[in-house]
Number of protein chains: 2
Amino acid sequence: MTDEPRWLDSAEEQTWITLVAMLFRLPAALDAQLQRDAGLSHFEYLILASLSEAPERTLRMSVLALLSEGSLPRLSQAVGRLEKRGWVRRTPDPTDGRYTLAILTDDGFDKIVATAPGHVAEVRRLVFDPMTKAQPKQLREIGARVLRAVDPNGPRPGTHPF
Amino acid sequence: MTDEPRWLDSAEEQTWITLVAMLFRLPAALDAQLQRDAGLSHFEYLILASLSEAPERTLRMSVLALLSEGSLPRLSQAVGRLEKRGWVRRTPDPTDGRYTLAILTDDGFDKIVATAPGHVAEVRRLVFDPMTKAQPKQLREIGARVLRAVDPNGPRPGTHPF
DNA sequence: ACGTTTCACTTCACCGTTTAAGTCAATCTA
DNA sequence: TAGATTGACTTAAACGGTGAAGTGAAACGT
């Protein structure tokens with residue numbers, strides 16, 4: 001900690017600056033597209049999308065929090081907003097009253113169906129179209145390594161929990 | 001927009017899930033380290049770091065906003081906080097009163113000098129150490145392409161403005 | 001069985017960010 | 001050179017997120 005740190009050489013610094021810029025700008029761009037075209041934040045979109053792919057379009061709040069990459073209080077508030085808009089409803093889990101089930105309504109499903117194509121198109125435009133054929137795999141492998149370092153015990157993303 | 005969208009195949013979906021997870025978790029991890037060890041947000045750190053590398057340790061607010069990847073109101077508030085802590089001061093640009101110059105104080109410089117090594121160590125631990133020798137270059141090239149798509153007219157990051 | 005603990009959320013208070021309006025200096029424009 | 005405009009911030013109000021305390025259901029311990 002107080003030892004001489006190994007500084008970043010100039011190539012590493014370029015990489016780092018580029019990555020930081022991406023960490024700031026890409027989420028902002030995704031939020032902007034979703035907000036503009038669907039009135040949703042990226043986080044809210046992930047909630048609806050996760051539910052739409054779950055069996056019965058239903059998930060426990062705690063599972064949904066993991067899938068949508070948010071804290072439980074944040075999720076609770078976001079689902080409250082989505083509930084007010086009629087896209088999600090909540091009921092206590094009948095098999096265990098401590099859990100709360102979040103359920104995508106039919107309107108919510110329609111909302112995702114209407115929203116997803118535009119969002120996927122934006123993801124293509126910003127991420128996949130600019131990459132060479134080889135780069136997606138490189139990015140996936142780099143991401144997996146970084147995520148392992150960030151949270152060694154975290155579930156490998158893409159390991160679907162159902 | 002209403003056309004059939006080209007959906008993501010399963011390899012692309014894996015890539016996308018991994019990238020989204022990285023976009024959420026890596027900034028959180030960086031913020032956590034800086035908050036814990038230095039009482040700074042990542043954004044505040046970028047402000048101090050940008051100033052420390054600028055000539056005279058001085059930058060116009062608008063330039064600083066670009067370098068630190070933040071909006072002008074956000075910057076204004078953040079600099080206000082850093083000013084209260086004695087690390088930055090502001091004065092109107094003597095050559096043109098419309099501009100405001102943000103200046104890193106000596107205490108602010110000491111703060112960065114004390115903070116940077118731990119932060120760089122964390123960046124190494126989370127990003128560079130887990131990568132193979134070839135991957136930083138791959139990441140830099142991917143990032144450059146994505147950033148170009150996000151903002152075609154944006155300055156290529158790493159193009160230092162002084 | 002009853003009290004305690006654990007657990008999954010929800011709520012609250014505080015704070016930071018965004019969006020929009022306000023300020024003020026410099027520059028056009030007539 | 002007065003008035004309008006542009007540009008660079010700053011301020012204010014509304015909103016969303018975080019961390020800590022609160023709630024209520026199930027499990028545990030005796």
Side-chain angles (χ1 to χ4, degrees), chain A residues 23-25 27-36 39-47 50-51 58-85 88-103 161, chain B residues 23-25 27-36 38-48 50-51 58-85 88-103 161:
Chain A
L23 294 178
F24 274 87
R25 293 180 199 171
L30 295 170
D31 267 322
Q33 181 270 325
L34 284 167
Q35 198 64 56
R36 174 168 44 77
L40 291 173
S41 68
H42 189 213
F43 181 57
E44 290 168 334
Y45 176 86
L46 285 179
I47 292 169
S50 300
L51 286 173
T58 299
L59 287 170
R60 292 180 174 172
M61 290 292 281
S62 37
V63 174
L64 186 51
L66 294 175
L67 289 176
S68 59
E69 304 281 343
S71 65
L72 210 36
R74 183 184 183 186
L75 177 65
S76 188
Q77 295 227 135
V79 168
R81 293 192 300 271
L82 295 173
E83 209 167 19
K84 261 182 213 152
R85 303 226 248 164
V88 175
R89 62 192 180 80
R90 276 180 286 193
T91 78
D93 187 330
T95 74
D96 185 336
R98 286 172 299 185
Y99 294 92
T100 301
L101 300 178
I103 305 169
Chain B
L23 294 179
F24 274 87
R25 293 180 198 172
L30 295 171
D31 267 323
Q33 181 270 324
L34 284 167
Q35 198 64 57
R36 176 168 42 78
L40 290 173
S41 67
H42 189 211
F43 180 57
E44 290 168 334
Y45 177 85
L46 285 180
I47 292 169
L48 297 180
S50 299
L51 286 173
T58 298
L59 288 170
R60 291 181 175 173
M61 291 292 282
S62 38
V63 174
L64 186 51
L66 294 176
L67 289 175
S68 59
E69 304 282 343
S71 66
L72 210 36
R74 184 185 184 186
L75 178 66
S76 188
Q77 296 236 116
V79 168
R81 293 193 298 272
L82 295 173
E83 209 167 19
K84 261 183 215 153
R85 303 226 248 163
V88 176
R89 62 194 180 79
R90 277 181 286 193
T91 77
D93 187 331
T95 74
D96 185 335
R98 287 172 299 185
Y99 295 92
T100 301
L101 299 179
I103 305 169

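Chain letters run A, B, ... following the sequence lines, proteins first, then strands; residues in each count from 1.
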Just by modelled atom types, is the A:Leu72 backbone N or O under 3.5 Å from a matching donor or acceptor in the A:Ser76 side chain? no

A:Leu101 atom CG is separated from D:dA25 atom C1', nearest whole Å, by 14 Å

For the pair made of CG in B:Leu72 and C1' in C:dT23, what is the distance, rounded to whole Å? 14 Å

Between B:Gln77 and A:Thr100, name the one whose nearest nucleotide on DNA chain C is closer to the 5' end. A:Thr100

Which nucleotide in the list D:dA26, D:dA8, C:dT18 gets nearest to the side chain of A:Arg98? D:dA26

Establish, with yes or no, whether the OP1 or OP2 oxygen of C:dT18 is under 4.0 angstrom from a side-chain nitrogen or oxygen of B:Ser71. yes

Could you tell me the separation between the CG atom of B:Asp96 and the P atom of D:dG7, rounded to a whole number of Å? 13 Å

Looking only at the side chain of A:Ser62 (C-beta and beyond, no hydrogens), which of the listed nucleotides C:dC9, D:dG17, C:dT10 gets closest? C:dC9

B:Ser41 near the nucleic acid: base, sugar-phosphate alone, or nothing, with a heavy-atom cut-off under 4.0 Å? nothing

Give a yes or no on whether the backbone of A:Arg90 and the side-chain of A:Glu83 come within a donor-acceptor separation of less than 3.5 Å. yes

CG of B:Leu59 versus P of D:dA8: gap in Å, rounded? 15 Å

A:Phe24 versus B:Arg74, closest heavy-atom pair with distance: CE2-NH1, 4.2 Å

Is A:Arg60 close enough to C:dC9 that one of its side-chain N or O atoms is under 4.0 Å from OP1 or OP2 there? no

5' precedence on DNA chain D between A:Phe43 and A:Pro94 (nearest-nucleotide basis): A:Phe43

Rounded to the nearest 0.5 angstrom, the CG-CD distance for B:Leu40 and B:Gln33 is 9.5 Å

Would one find a side-chain N or O of B:Arg81 under 4.0 angstrom from OP1 or OP2 of C:dT17? yes

Nearest heavy-atom approach of A:Ala102 to A:Met61 is CB-SD, 4.0 Å

In whole Å, what is the span from the CG atom of B:Asp31 to the P atom of C:dG16? 12 Å

Rounded to whole Å, the CZ-P distance (B:Arg74 to C:dG16) equals 11 Å

Return the 5'-most residue of the pair B:Arg90, A:Gly97 with respect to DNA chain D, ranking by each residue's nearest nucleotide. B:Arg90

Rounded interatomic separation in angstrom, taking CG from B:Asp93 and P from C:dA25: 14 Å

Distance, rounded to the nearest Å, where B:Tyr99 contributes OH and D:dG7 contributes C1': 8 Å

